[in-house]
Number of protein chains: 2
Amino acid sequence: MKEQEAIDRLAALAQPTRLALFRRLVRRGAEGMAAGAIGEALGVPAPTLSFHLTALERAGLVTSTRSGRSILYAADYRAMEELLGYLLENCCADGGCAPAAPLVAPPRAKKAKSVP
Amino acid sequence: MKEQEAIDRLAALAQPTRLALFRRLVRRGAEGMAAGAIGEALGVPAPTLSFHLTALERAGLVTSTRSGRSILYAADYRAMEELLGYLLENCCADGGCAPAAPLVAPPRAKKAKSVP
DNA sequence: TTCATAGTTCTAGAATACTAGAAATATAAG
DNA sequence: CTTATATTTCTAGTATTCTAGAACTATGAA
């Protein structure tokens, strides 16, 4: 992972609205959630919401897919893992702690349940 | 961990100079590194360096201890673990992935070698 | 079509953060 | 005490980000 990419992701998460958005999506799992539903749940006006969702997407932390009139957003776990790995790279190169390989298991899809 | 604390830490890391600083200290381990040495290694002017080290310390990501004329800075792994845990809290509450308890082992001190 | 719904883009004002020179402070050495 | 070194605080100019109203676009229903 390149430094700029890591900074983009950290900056994306370093903002109250976006952090809440992301965590909400993390909880939701692979199914994702419509923009409107997120905005309603968090009490964020539509333009502000769109601004932040776009930021998260540009940073690669969430993905979006249109479903009818709605747009479903979902957290991208892979991106998160990459970021965590980058942050702890060469951790204690002096010999302290182990590299702790795959920090987090990726979400196992629940029996390939298609989301229309 | 409180939301504001997480945001402070993410914001602290979401900046090129500070991210480089932190990663350098992560590599250094518990020994830490004098401010001047870091600044020289990264080519950052002293006032700028101080500004960023202070930001990292306020965020709880690094600790500082004076040693003679120098001030030694060191990464705080505990803080990092807390942050990672917060980011993935309730990961896939729908039932996907496991909580992945202690994401990273804390750095084992190398035989209690005191750093004056 | 025409209407309603779901989201996005445009916009500009308010707030916050970054940089680095100059000056100040603490420690140590002579 | 005087000087040198290590780092911090003060400062101001520049740049970036956040917010939300108004206007716009896309999809689906009647």
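Numbers restart at 1 for each chain; the letters A, B, ... are given by sequence-line order, proteins then strands.
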Nearest heavy-atom neighbours spanning P16(A) and E3(B):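 In this case the closest contact between P16(A) and E3(B) is O-OE2, 4.1 Å.
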Specify the closest pair of heavy atoms between A74(B) and G32(B), including all atoms of both residues, with the distance to one decimal.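 Minimum heavy-atom contact is CB-CA, 3.8 Å.
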In whole Å, what is the span from the [atom1] atom of [X] to the [atom2] atom of [N]?
X      : N      : atom1 : atom2 : value
R58(A) : dT8(C) : CZ    : C1'   : 13 Å
I38(B) : dT8(D) : CD1   : C1'   : 14 Å
L49(B) : dT8(D) : CG    : C1'   : 11 Å
I71(B) : dT9(D) : CD1   : C1'   : 13 Å
L72(A) : dT8(C) : CG    : P     : 11 Å
E57(A) : dG7(C) : CD    : P     : 13 Å
M33(A) : dA6(C) : CE    : C1'   : 15 Å
L53(B) : dT9(D) : CG    : P     : 11 Å

With 3.5 Å as the limit, what N/O pairs link the protein to nucleotides 26-30 of chain D?
none

Evaluate the side-chain proximity of [Y] to [X]: yes if any heavy-atom separation is below 4.5 Å, no if none is.
X      : Y      : value
I7(B)  : Q4(B)  : yes
L87(B) : L10(B) : yes
M80(B) : F22(B) : yes
L72(A) : M33(A) : no

By side chain to side chain contact (heavy atoms under 4.5 Å, CB included) - contacts of A11(B) (at least two apart):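 In terms of side chain to side chain contact (heavy atoms under 4.5 Å, CB included), with neighbours along the sequence ignored, A11(B) is linked to A14(A).
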Non-neighbouring partners of E82(A) that pass side-chain hydrogen bond (donor to acceptor under 3.5 Å, both in side chains), sequence neighbours left out: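 So E82(A) forms a side-chain hydrogen bond (donor to acceptor under 3.5 Å, both in side chains) with R9(A).
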My understanding is that only residues two or more places apart in sequence, or in another chain, count here; which of them pass side-chain hydrogen bond (donor to acceptor under 3.5 Å, both in side chains) with D76(A)?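 Here no residue qualifies.
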Listing time: all N or O pairs from protein to nucleotides 14-21 of chain D that are below 3.5 Å?
residue: dC18(D); atom: OP1; partner: R18(A); partner atom: NH2; Å: 3.0
residue: dC18(D); atom: OP2; partner: R18(A); partner atom: NH1; Å: 3.2
residue: dT19(D); atom: OP2; partner: Q15(A); partner atom: NE2; Å: 3.4
residue: dT19(D); atom: OP2; partner: H52(A); partner atom: NE2; Å: 2.5
residue: dA20(D); atom: OP2; partner: T48(A); partner atom: OG1; Å: 3.4
residue: dA20(D); atom: N7; partner: T48(A); partner atom: OG1; Å: 3.3

Taking any heavy-atom pair under 4.0 Å as a contact, classify A35(A): base, sugar-phosphate, or nothing.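 Touches sugar-phosphate only.
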Regarding S70(A), tell me which of base, sugar-phosphate or nothing describes its non-hydrogen contacts under 4.0 Å with the strands shown.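 If one applies the 4.0 Å heavy-atom cut-off, S70(A) turns out to touch the sugar-phosphate alone, with no base involved.
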So is R23(B) actually on top of Y86(A)'s ring, under 6.0 Å and inside 45° of the axis?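 Yes, R23(B) lies over the aromatic ring of Y86(A).
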Which pairs would a plain distance check flag for residues 38-63 of chain A, meaning a side-chain donor or acceptor within less than 3.5 Å of a matching protein atom at least two apart in sequence or in another chain?
residue: H52(A); atom: ND1; partner: R18(A); partner atom: NH1; Å: 3.1
residue: T54(A); atom: OG1; partner: S50(A); partner atom: O; Å: 2.8
residue: E57(A); atom: OE2; partner: S64(A); partner atom: OG; Å: 2.6

If you compare every side-chain N and O of Y73(B) against the phosphate oxygens of dT8(D) (OP1, OP2), does one of them come in below 4.0 Å?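 Looking at the OP1 and OP2 atoms of dT8(D), one of them is under 4.0 Å from a side-chain N or O of Y73(B).
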Bend across the helix from dT1(C)-dA30(D) to dG30(C)-dC1(D), to 10°, with axes taken over 5 pairs at each end?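 Answer rounded to 10°: the end axes differ by 20°.
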